[in-house]
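This one's a predicted model, so the numbers in the text were calculated from it and none came from an experiment.
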Amino acid sequence: MLKIAHHVIYNHPLKEGHRFPMEKYDLLPQQLIYEGTCAEDNFFEPEIPNNKHFFTVHEPKYFFDLLNITLDQKAARRIGFPLSEVLIEREMIIADGTMKASEFALQHGIAMNIAGGTHHAFTNKGEAFCMLNDQAIGAKYLQNKGLVKKVLIVDLDVHQGNGTAEIFKNDDSVFTFSMHGKSNYPFVKEQSDLDIALENETKDDEYLTILKETLPKLINQEKPDFIYYLCGVDVVETDKLGKLSLTIEGCAARDRFVLQSCFDQKIPVMCSMGGGYSKDVNIVVEAHANTFRLAQEIYF
């Protein structure tokens with residue numbers, strides 16, 4: 001069965017007009033259940049995990065500054081959300097969702113988190129709506145439990161996974177691959193193990209050709225025991241914060257190729273949703289829903 005992390009806290013109240021579409025975290029599970037792609041028992045509710053899991057990738061001082069809302073103003077402003085105890089609780093629960101989904105992926109081949117993909121969270125700072133790096137935490141969680149050795153992170157959000165790159169820059173047990181918009185945020189990039197920077201208005205055919213040339217070689221080269229897939233839908237042409245020009249169908253073809261590759265190679269994969277900022281939230285929900293539809297089609 002496809003197991004999906006979801007919690008009501010994911011939809012965090014923000015001021016009207018905020019550019020982050022929090023409502024997608026309610027609309028997406030509603031859509032999946034309405035159309036019959038998923039049922040209630042596909043979803044599980046994560047909790048606040050033990051703090052020790054955060055210290056595997058984040059500096060304790062940074063974590064406790066978050067927890068106690070004692071970050072300095074500049075550091076807090078970089079995050080882009082008004083800091084509160086509930087917001088930090090939400091971030092911790094998202095990370096738990098990814099950790100638990102990682103174990104479900106080992107059992108069933110794939111598992112997902114309705115939220116997550118917080119790849120702009122560094123060891124000692126957060127930025128761009130990211131505070132605790134859920135897939136980095138998940139990777140160390142599996143490794144520290146002795147469940148996997150080599151992890152591949154496939155980050156196809158339109159923005160470079162700069163925090164993930166920084167966290168694992170000296171860790172050969174986790175290979176970081178980011179394919180993103182060249183002139184998108186972050187404007188100063190970190191160095192992933194493999195970065196592919198795409199020109200503005202890259203369309204479906206070019207995008208998919210590059211991905212299909214790259215991913216199989218990477219899997220063959222690194223031979224990962226586990227893959228984290230950050231499947232942001234901010235690659236679509238309608239996205240307010242992206243500069244690529246994929247169609248929704250092209251975004252779905254991207255997901256199909258990644259998930260089919262994992263399935264064919266029998267490598268467990270855990271998916272965090274990442275970004276999606278089209279003005280029409282229905283486009284965001286539809287693009288994300290395709291990932292879940294494909295997971296069900298390919299695996300179950």
Legend entry - Nearest heavy-atom neighbours spanning P82 and L14: CD-CD2, 4.2 Å
Inset, instruction - Consider only side-chain heavy atoms of I, L, V, M, F, W and Y, link residues closer than 4.5 Å, and tell whether M1 and M112 are in one cluster. - result: no
Inset, instruction - Please check if the side chain of N144 supplies one atom and the backbone of K140 the other of a donor-acceptor pair under 3.5 Å. - result: yes
Inset, instruction - Without swapping roles, check the side chain of N11 against the backbone of D26 for a donor-acceptor pair under 3.5 Å. - result: no
Inset, instruction - Search all heavy atoms of N290 against all heavy atoms of A252 and return the closest pair with its distance. - result: ND2-CB, 3.9 Å
Legend entry - With H18 via ring-ring contact (aromatic ring centres under 6.0 Å, His included) - residues at least two apart: F81, F129
Inset, instruction - Indicate yes or no: at least one non-hydrogen side-chain atom of I153 is less than 4.5 angstrom from one of V174. - result: yes
Legend entry - Pairwise distance CZ(F175) to CG(L152) - rounded to 0.5 angstrom: 7.0 Å
Inset, instruction - Take atom CD of E35 as the centre, draw a 6.0 Å sphere, and report whether it contains more than 12 heavy atoms from other residues, nucleotides or ligands. - result: yes
Inset, instruction - Would you please name every residue forming a side-chain contact (heavy atoms from CB on, under 4.5 Å) with S278, sequence neighbours left out? - result: V236, T238, D239, I283, V284
Inset, instruction - Flag the pair R90 / M22 as yes when at least one side-chain heavy-atom distance between them is below 4.5 Å, and no otherwise. - result: yes
Legend entry - Contact check, side chains of M179 and L198, non-hydrogen atoms, under 4.5 Å: yes
Legend entry - Separation of L32 CG from I4 CD1 (nearest 0.5 Å): 6.0 Å
Legend entry - CD-CG distance between E206 and L211, expressed to the nearest 0.5 angstrom: 12.5 Å
Legend entry - Heavy atoms from other residues, nucleotides or ligands near NZ of K240 exceed 12 (cutoff 6.0 Å): yes
Inset, instruction - Report the C-alpha distance between H58 and N124 in whole Å, list the side-chain angles of each, state the deciding distance to 0.1 Å, and finish with yes or no for side chain to side chain donor-acceptor pair (under 3.5 Å). - result: CA-CA 6 Å; H58 294 294; N124 63 353; over 6 Å; no
Legend entry - Residues clustering with F104 (ILVMFWY side chains joined when closer than 4.5 Å, directly or via others): F44
Legend entry - Side chain proximity check, P29 to I114, heavy atoms < 4.5 angstrom: yes
Inset, instruction - Check whether any side-chain N or O of Y62 sits under 3.5 Å from a backbone N or O of L71 as a donor-acceptor pair, and report yes or no. - result: no
Please list, one pair per line, the donor and acceptor atoms closer than 3.5 Å that link side chains of residues 257-268 to other protein atoms, with sequence neighbours excluded.
unit_1	atom_1	unit_2	atom_2	d
Q260	NE2	D264	OD1	3.0
S261	OG	F257	O	2.7

Inset, instruction - Taking all heavy atoms of D134 and all of A95, pick out the closest pair and write down the distance. - result: CB-CA, 4.0 Å
Legend entry - Taking every non-hydrogen atom, the tightest pair across M92 and P49: O-CD, 3.4 Å
Legend entry - Interatomic spacing from OG in S245 to CD in E201 - rounded to 0.5 Å: 5.0 Å
Legend entry - Ion pair E237/K203, N-O distance below 4.0 Å: no
Legend entry - Pairs satisfying salt bridge (Lys or Arg N to Asp or Glu O under 4.0 Å), at least one member in residues 149-166, at least two apart: K150-E222
Legend entry - Polar side chain donor-acceptor pair, E59 to T123, under 3.5 angstrom: no
Inset, instruction - Apply ring-ring contact (aromatic ring centres under 6.0 Å, His included) to F54 and list each qualifying residue two or more places apart in sequence or on a separate chain. - result: F63
Legend entry - Flag if over 12 foreign heavy atoms under 6.0 Å of CG, D205: no
Legend entry - Within-4.5 Å side-chain heavy-atom neighbours: L294 and D255: yes
Legend entry - Short side-chain to backbone donor-acceptor contact, K3 and D41, under 3.5 Å: yes
Inset, instruction - Report the residues that fulfil ring-ring contact (aromatic ring centres under 6.0 Å, His included) with F226, sequence neighbours left out, ordered by chain and then residue number. - result: Y228
Inset, instruction - Report the hydrophobic cluster partners of F187, with the cluster defined as I, L, V, M, F, W, Y residues connected by side-chain heavy atoms closer than 4.5 angstrom, directly or transitively. - result: Y185
Inset, instruction - Determine whether L87 and M131 make a side-chain contact, defined as any pair of heavy atoms from C-beta on separated by less than 4.5 Å. - result: yes
Legend entry - pair V148-L106: side-chain heavy atoms closer than 4.5 Å: yes
Inset, instruction - Spell out, as yes or no, whether a donor-acceptor pair under 3.5 Å connects the side chain of D204 to the backbone of T247. - result: yes
Legend entry - Main-chain N/O of A121 paired to T118 side chain as donor or acceptor, under 3.5 Å: no
Legend entry - Worked verdict on R254 versus E249 for salt bridge (charged side-chain N to carboxylate O under 4.0 Å, His left out): CA-CA 9 Å; R254 174 202 71 172; E249 293 77 18; over 6 Å; no
Legend entry - K243/E199 ion pair, N-O < 4.0 Å: no
Inset, instruction - Kindly write out the residues that satisfy side-chain contact (heavy atoms from CB on, under 4.5 Å) with A115, not counting sequence neighbours, or none if the list is empty. - result: Y10, Y25, I94, N113
Inset, instruction - Please say whether more than 12 non-hydrogen atoms of neighbouring residues, nucleotides or ligands are located less than 6.0 Å from NZ in K189. - result: yes
Legend entry - Inter-residue atom distance T202.OG1 - Y207.OH, 0.5 Å rounding: 9.5 Å
Inset, instruction - Output yes when a side-chain donor or acceptor of H7 lies under 3.5 Å from a complementary backbone atom of I9, and no otherwise. - result: yes
Legend entry - Within 6.0 Å of CG in N68, more than 12 heavy atoms from elsewhere: yes
Legend entry - Test side-chain contact (heavy atoms from CB on, under 4.5 Å) applied to L27 and V281, step by step: CA-CA 9 Å; L27 294 174; V281 74; 3.9 Å; yes
Inset, instruction - Answer with yes or no whether the hydrophobic clustering places L67 together with F122; edges join I, L, V, M, F, W, Y residues whose side-chain heavy atoms lie under 4.5 Å apart. - result: no
Legend entry - Residues which pass side-chain contact (heavy atoms from CB on, under 4.5 Å) with E103, listed by chain and number, not counting sequence neighbours: Y141, L142, K145, L147
Legend entry - ILVMFWY cluster, M99 and L230 together (side-chain gap under 4.5 Å): no
Legend entry - Heavy-atom pair with the smallest gap, counting every atom of G276 and V233: CA-CG2, 3.7 Å
Legend entry - Set of side-chain contact (heavy atoms from CB on, under 4.5 Å) partners for R78, sequence neighbours left out: K74, A75, K125, E127
Inset, instruction - Not counting sequence neighbours, which residues clear ring-ring contact (aromatic ring centres under 6.0 Å, His included) with H288? List them please. - result: none
Inset, instruction - For T164 and Q135, test the side chains for any donor-to-acceptor distance below 3.5 angstrom and give the result as yes or no. - result: no
Inset, instruction - Consider only side-chain heavy atoms of I, L, V, M, F, W and Y, link residues closer than 4.5 Å, and tell whether Y277 and L156 are in one cluster. - result: yes
Legend entry - Contact check, side chains of I137 and T98, non-hydrogen atoms, under 4.5 Å: no
Legend entry - Expected output: side-chain K223 to main-chain N220 donor-acceptor under 3.5 Å: yes
Inset, instruction - Measure across A5 and G97 and return the closest heavy-atom pair with its distance rounded to 0.1 Å. - result: CB-CA, 3.6 Å
Legend entry - Modelled atom types, side-chain donor and acceptor of D193 and T176, under 3.5 Å: yes
Inset, instruction - Measure the spacing between CD of E85 and CG of L66 and express it to the nearest 0.5 Å. - result: 12.5 Å
